[in-house]
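Each chain gets a letter, A, B and so on, in the order its sequence line appears, and its residues count up from 1.
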There are 2 protein chains.
Amino acid sequence: MRPLSHPAREDISLTAVLYALSDTYRLEIVRQLASRGELNCSALDIPAAKSTLSHHFKVLRESGLIYSRSEGREHYNSLRRDDLDARFPGLLAAVIQSSEPAFTPALLTEKPSAQG
Amino acid sequence: MRPLSHPAREDISLTAVLYALSDTYRLEIVRQLASRGELNCSALDIPAAKSTLSHHFKVLRESGLIYSRSEGREHYNSLRRDDLDARFPGLLAAVIQSSEPAFTPALLTEKPSAQG
DNA sequence: TTGATTGTTCGATAGTTTTTGAACTGTTGT
DNA sequence: ACAACAGTTCAAAAACTATCGAACAATCAA
């Protein structure tokens with residue numbers, strides 16, 4: 001596969017970041033990366049086709065919100081916290097703190113039970 | 001004209017607010033409202049047709065970012081700071097602080113001079 | 001009443017975004 | 001070599017968005 005492109009810190013655009021965060025799926029991806037750390041596509045609890053997820057990851061990557069590294073056949077994605085905090089202090093924290101789980105919140109916050 | 005609709009504080013959606021802020025024109029409008037207080041359309045230094053501006057004000061209004069009141073033939077627009085701070089603490093401040101003037105910055109920060 | 005002003009709404013066009021299945025690239029394991 | 005797997009890219013449809021001129025409504029001033 002082609003190398004994935006990431007903007008340099010100084011090229012991260014505020015409007016592009018806000019736009020990327022304005023989609024329910026993408027905001028949920030960012031939420032999960034924030035709470036669960038580095039994740040690959042398959043690890044996400046998001047109901048969508050893989051081509052759809054790939055599209056949203058691309059938007060997040062090209063906006064500068066996430067960094068994707070290849071390891072074997074997987075892509076590990078992580079938030080670019082340092083770059084975002086440097087460019088837009090307080091923004092990421094405010095967004096994450098103000099957001100709510102979009103899908104199957106029980107699976108994300110509760111431990112598995114006998115009924116699970 | 002029909003009464004302008006504003007969402008109640010509890011109905012303000014994070015993704016709608018982020019989307020509204022992700023447009024250069026709209027972010028500039030918010031910037032100017034933040035620094036200059038209540039303004040009507042004509043008071044803005046934004047190069048666009050009035051129907052375009054009206055559209056952007058509508059998006060901002062319906063997302064809950066601004067409040068528009070009619071007085072005579074003018075509409076005065078202001079930021080819904082209290083509502084936004086209550087719903088999304090720190091978000092508006094972070095966005096405004098991270099943003100930069102979009103158009104003719106000289107006109108917004110400098111006093112008129114003999115050459116102006 | 002006439003005309004200027006403030007802003008909304010309509011209609012049209014052009015461009016963008018979302019979503020998906022299918023095809024594809026590359027990796028891992030057998 | 002072969003199949004399973006992770007993820008991207010392509011192509012296409014549907015939906016949405018931005019932009020503008022024109023028409024419109026409402027106010028104000030002469």
- Query: Do you see a donor-acceptor pair shorter than 3.5 Å between the side chains of A:H75 and A:S70?
  - Reply: yes
- Spacing of A:E74 atom CD relative to C:dT25 atom C1', expressed in whole Å: 16 Å
- Query: Distance-only, no hydrogens or angles: does the B:R26 side chain make a donor-acceptor pair with backbone N or O of B:H56 under 3.5 Å?
  - Reply: no
- Note on the structure: From CG of A:D23 across to C1' of D:dT17 the rounded distance in Å is 15 Å
- Got a sec, which residues hit salt bridge (charged side-chain N to carboxylate O under 4.0 Å, His left out) with B:E62, two or more places apart in sequence or on another chain? none
- Item | Separation of atom NE2 in A:H75 from atom C1' in D:dT8, rounded to whole Å | 8 Å
- Separation of atom CD1 in A:I29 from atom C1' in C:dT18, rounded to whole Å: 13 Å
- For atom CD1 of B:I46 and atom C1' of D:dA18, their distance in whole Å: 15 Å
- Task: Apply salt bridge (charged side-chain N to carboxylate O under 4.0 Å, His left out) to B:R80 and list each qualifying residue two or more places apart in sequence or on a separate chain.
- Result: B:D83
- N/O donor-acceptor pair, side chain B:R73 with base C:dT6, under 3.5 angstrom: no
- Item | B:S54 (side chain) donor-acceptor with B:S51 (main chain) under 3.5 angstrom | no
- Of the listed nucleotides D:dA18, C:dT18, C:dT6, the one nearest the side chain of B:N40: C:dT6
- Item | Short N-O contact, A:E100 and A:R31, less than 4.0 angstrom | no
- Task: Using a cut-off of strictly less than 4.0 Å, decide whether A:R26 has a side-chain nitrogen or oxygen near OP1 or OP2 of C:dT17.
- Result: no
- Query: For B:C41 and A:Y25, take the nucleotide of DNA chain C holding the closest heavy atom to each; which residue's nucleotide lies nearer the 5' end?
  - Reply: B:C41
- Message: What's B:Y76 touching, base or sugar-phosphate or nothing? Going by heavy atoms closer than 4.0 Å.
- Response: nothing
- So, the side chain of B:E38 versus the backbone of B:S78: is there a donor-acceptor pair under 3.5 Å, distance only? no
- Starting at atom CG of B:L4, determine the distance to atom P of D:dA26, rounded to an integer number of angstrom. 13 Å
- Atom CG of B:L44 and atom P of C:dG7 are separated, to the nearest Å, by 9 Å
- Within residues 47-58 of chain B, those residues having any heavy atom closer than 4.0 Å to DNA chain D are B:A48, B:A49, B:S51, B:T52, B:H55, B:H56
- Atom CG of A:L60 and atom C1' of C:dT17 are separated, to the nearest Å, by 14 Å
